[in-house]
Amino acid sequence: MEPLQDVQSQPDDRRLPIDRVGVKGIRYPIVVKDRSRGSQRTVASINMYVNLPHHFKGTHMSRFLEVLAEHDEAISVDSLPDLLHKVQDRLTAEEAHIELEFPYFLRKSAPVSGAAALMDYRVRFIGTLHKKRYRMILEVTVPVTTLCPCSKEISERGAHNQRSHVTVRVRFKKFVWVEEIIEQVESNASCQLYPILKRPDEKFVTEQAYDNPRFVEDMVRSVAATLDADPRISWFSVAAENFESIHNHSAYAFIESSREEETP
Ligand SMILES: Nc1nc2c(ncn2[C@@H]2O[C@H](COP(=O)(O)OP(=O)(O)OP(=O)(O)O)[C@@H](O)[C@H]2O)c(=O)[nH]1
């Protein structure tokens, strides 16, 4: 058989380097640290990219999957730096990026009945290796209940409330558990969510939300204050989106750490 053309390796004369090129949406089994059970198996959607200098026509996409396939133990936060190094080497790139997004499951017991089941949280690990500089962001999105302080204040009866998503991103110098971020967000909400609620539980969460009204601004300020006080955290951002029950749009607030992103 005639040797096959290696189009990707051909030159390109447009003098336009590409910041990120690679593969998106690979579904792959991973193992993540679980504070109560040691580890948890889940399935991630993985994106892998490298930079591409202007003089190359294309990157070698099969090599990203080869790096994954050759990684014979489960992929975890600990293996992220090694994976990034392997991608950088195999693709002879200056910069490599790996993003893992996956459901993280926590067993939660209802506040009164104790009825327990698993609840999922969206977690992302976003790793970058630029030359020899490794940086990683842990992102956790926590769904909670918020009840509106204004609605409660001005209404004779009840107050509008809704499910909200609070998305926390952190860079850390010392390990931070996913569970810690979840707890920080849930403890600052009008009320946390539960997979199972019997009637006594439903009464409890209804009244707890009413007793703890929170604007979207309250959510981001109280979570930001907690993260800012944590010496392990070198940078953070907090975004809160209330899926308002009285509008066909959301309320939204965002705070980013005033600290410079310290180089690890
Ligand atoms: N760069 C690039 N590759 C693509 C594109 N569309 C498909 N491909 C991939 O091209 C790959 C084959 O190219 P390479 O990965 O270089 O395969 P190869 O040349 O046989 O392998 P190497 O010898 O390791 O380079 C296939 O896995 C396709 O998925 C595209 O738009 N850009």
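Please read these numbers as outputs of a predicted model, since none were measured by experiment. Order of appearance sets the numbers: ligands from 1, and atoms from 1 within every ligand.
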Between ligand 1 and the protein, which N/O pairs are shorter than 3.5 Å?
from: ligand 1; atom 1: 1 (N); to: Thr59; atom 2: N; distance (Å): 3.3
from: ligand 1; atom 1: 1 (N); to: Thr59; atom 2: O; distance (Å): 2.8
from: ligand 1; atom 1: 3 (N); to: Gln8; atom 2: NE2; distance (Å): 3.2
from: ligand 1; atom 1: 10 (O); to: Gln8; atom 2: NE2; distance (Å): 2.9
from: ligand 1; atom 1: 13 (O); to: Gln8; atom 2: NE2; distance (Å): 3.1
from: ligand 1; atom 1: 15 (O); to: Met61; atom 2: N; distance (Å): 3.2
from: ligand 1; atom 1: 15 (O); to: Ser62; atom 2: N; distance (Å): 2.9
from: ligand 1; atom 1: 15 (O); to: Ser62; atom 2: OG; distance (Å): 2.5
from: ligand 1; atom 1: 16 (O); to: His60; atom 2: ND1; distance (Å): 2.7
from: ligand 1; atom 1: 17 (O); to: Ser62; atom 2: OG; distance (Å): 3.4
from: ligand 1; atom 1: 24 (O); to: Arg63; atom 2: NE; distance (Å): 2.8
from: ligand 1; atom 1: 25 (O); to: His60; atom 2: ND1; distance (Å): 3.0
from: ligand 1; atom 1: 25 (O); to: Arg63; atom 2: NE; distance (Å): 3.3
from: ligand 1; atom 1: 25 (O); to: Arg63; atom 2: NH2; distance (Å): 2.9

Residue list, ring-ring contact (aromatic ring centres under 6.0 Å, His included) with Phe125, at least two apart or on another chain: Phe102
Who are the ring-ring contact (aromatic ring centres under 6.0 Å, His included) partners of Phe175, not counting sequence neighbours?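 Scan of Phe175 (ring-ring contact (aromatic ring centres under 6.0 Å, His included), adjacent residues dropped) gives Trp177.
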Which heavy atom of Ala96 sits nearest a heavy atom of Leu84, and at what distance? O-CD2, 3.4 Å
Could you pull out the closest heavy-atom pair between Thr145 and Ala189, with the gap in Å?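 Shortest heavy-atom contact: O-CB, 3.8 Å.
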Are any of the side-chain heavy atoms of Ser9 and His60 separated by less than 4.5 Å? yes
Set of salt bridge (charged side-chain N to carboxylate O under 4.0 Å, His left out) partners for Asp228, sequence neighbours left out: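 Listed in chain order: Arg259.
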